[in-house]
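Below: one structure, written as structure tokens.
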Amino acid sequence: MRIDGTAYRTIWPDGEGVVAIIDQTRLPHDFAIVRLTSLEETAHAIRAMLVRGAPLIGAAAAYGVALALRADASDRGLERACATLLATRPTAVNLRWALDRMRGRLAPLPESQRVEAAEAEAAAIADEDVEINRSIGLHGAALIRAAAERKAQGKSLGEPVNVLTHCNAGWLATVDWGTALAPVYAAFEQGIPLHVWVDETRPRNQGASLTAWELKHHGVPHTVIADNVGGHLMQHGKVDLCIVGTDRTTATGDVCNKIGTYLKALAAHDNGVPFYVGLPSPTIDWTIADGVREIPIEERDGREVSELTGRTADGRIETVRVTPDGSPVANYGFDVTPARLVTGLITERGVCPATRDGLLGLFPERG
Ligand SMILES: CSC[C@H]1O[C@H](OP(=O)(O)O)[C@H](O)[C@@H]1O
């Protein structure tokens with residue numbers, strides 16, 4: 001994506017043994033680049049959410065393995081790198097997928113060939129993510145266009161299509177383009193009139209701080225809303241469709257995503273609002289069928305709920321407490337939307353129902 005005329009990805013090689021990332025904990029107030037040079041720095045970047053979003057977590061882990069092997073390319077070094085990175089965050093299946101792919105590529109090689117091969121495989125994972133998301137964008141844009149044509153009722157497109165999204169599944173959550181927002185960008189580039197309701201997405205506020213920042217820089221009309229507003233908007237006909245991301249989708253179409261997604265899907269179901277999921281195939285966990293019972297839900301530090309960090313009027317970054325001292329806090333990071341509440345899965349191979357047959361129809365090699 002372009003920021004002030006400069007094209008960026010969220011992660012890129014920046015010299016020998018250096019991987020650059022956009023530090024997403026500094027957005028929307030500061031655009032800061034951080035350079036990673038080790039396994040430990042990469043693990044911290046994932047754990048502390050300098051980089052976040054399922055596909056980007058996978059790509060960052062892949063580059064982290066390459067950095068790790070520069071220090072120790074032995075079998076033990078490779079296993080330590082994969083174990084360290086796998087332990088950073090439990091929910092996004094892309095992390096396991098990327099590490100399994102790196103291990104499968106590197107374990108058969110002699111140590112002397114591993115660093116070069118690791119860097120090439122990490123770059124391939126990153127490049128593939130961009131192309132997968134570009135395709136998701138085109139398939140999803142057709143859904144937005146169809147909604148615009150329904151609103152136009154045979155006249156020329158005019159009334160904007162109102163899309164509601166939750167958290168950040170934009171280009172910042174991937175290497176580029178995004179998943180849930182890729183259709184928004186593609187439709188916007190096609191000149192389809194649209195507007196995005198941006199769930200702030202407590203407690204980490206990825207919507208307020210990342211999605212809004214992305215859409216503002218791209219010139220996409222949007223409105224930031226509190227998480228609890230979406231149902232009201234749907235009741236009043238102000239949402240034409242929802243498009244969200246996912247961190248892990250089961251072989252039967254259950255969708256794990258940022259906490260609060262399930263409640264949005266319930267409201268959409270109750271109001272007849274189509275609910276779509278941007279789903280790159282590395283985010284499909286083909287080994288499980290029951291998302292509610294089988295997907296590990298990350299629990300993070302309670303201070304993400306009890307504290308708020310922002311910029312004061314005079315430009316200082318400050319953190320304040322919003323709960324009483326001593327009040328216990330629960331901080332569940334994700335929830336699971338059962339497939340029955342999902343209208344369709346927007347994959348790089350097209351849109352399908354949220355069912356095993358739907359997914360196998362697009363990915364028959366998984367049958
Ligand atoms: C395209 S994956 C985006 C997905 O990842 C986010 O989680 P986090 O910011 O904690 O990594 C959120 O669930 C998004 O929908």
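Both ligands and their constituent atoms are indexed starting at 1 by order of listing. Computed from heavy atoms alone, side chains included, the values below leave out hydrogens, waters and symmetry copies.
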For A173, the ligand 1 atoms whose distance to one of its heavy atoms is below 4.0 Å: 1 (C), 3 (C)
Option of least heavy-atom distance to atom 8 (P) of ligand 1 (set: H166, R204, R300, R89): R89
Side chain, backbone, both or neither: the part of P55 lying under 4.0 Å from ligand 1 by heavy atom: side chain
Proximity flag T246 to ligand 1, non-hydrogen atoms under 4.0 Å: yes
Identity and distance of the protein heavy atom lying nearest atom 15 (O) of ligand 1: N257 OD1, 2.5 Å
Contact partition for Q206 relative to ligand 1, non-hydrogen atoms under 4.0 Å: side chain
Closest candidate by heavy atom, reference atom 3 (C) of ligand 1, pool N168, D247, L181: N168
Matching residue for L233 among T223, I225, V273 - test: side chain to side chain contact (heavy atoms under 4.5 Å, CB included): I225
N-O pairing of E40 and R80 below 4.0 Å: yes
Residue and atom name of the nearest protein heavy atom (relative to atom 12 (C) of ligand 1), distance in Å to one decimal: C167 SG, 3.4 Å
Proximal atoms of ligand 1 relative to R52 (non-hydrogen, under 4.0 Å): 6 (C), 9 (O), 11 (O)
Single-linkage hydrophobic cluster, 4.5 Å side-chain cutoff, M234 and L241 together: no
Side chain, backbone, both or neither: T261 near ligand 1, heavy atoms under 4.0 Å: neither
Protein contact to atom 1 (C) of ligand 1 [nearest heavy atom, distance to 0.1 Å]: T179 OG1, 3.2 Å
M49 neighbourhood, listing ligand 1 atoms whose heavy-atom distance to it stays under 4.0 Å: 9 (O), 10 (O)
Nearest-neighbour protein heavy atom for atom 2 (S) of ligand 1, which is reported as residue plus atom name and distance: A54 N, 3.3 Å
Distance-only side-chain donor-acceptor flag, T355 / D357, under 3.5 Å: no
Distance-only donor-acceptor check, side chains Q206 and R52, under 3.5 Å: no
Mode of E298 contact toward ligand 1 - side chain, backbone, both, neither (heavy atoms, under 4.0 Å): neither
Pair D72 + R114: basic N to acidic O under 4.0 Å: no
Modelled atom types, side-chain donor and acceptor of T211 and N168, under 3.5 Å: yes
Residue of the set V320, V329, V322, T319 for which side chain to side chain contact (heavy atoms under 4.5 Å, CB included) holds with E307: T319
Check: D314/T312 side-chain N/O donor and acceptor closer than 3.5 Å: yes
Atoms in ligand 1 flagged as close to F334, the criterion being non-hydrogen separation under 4.0 Å: 7 (O), 10 (O), 13 (O)
Donor + acceptor pair across side chains of T179, N133 (<3.5 Å): no
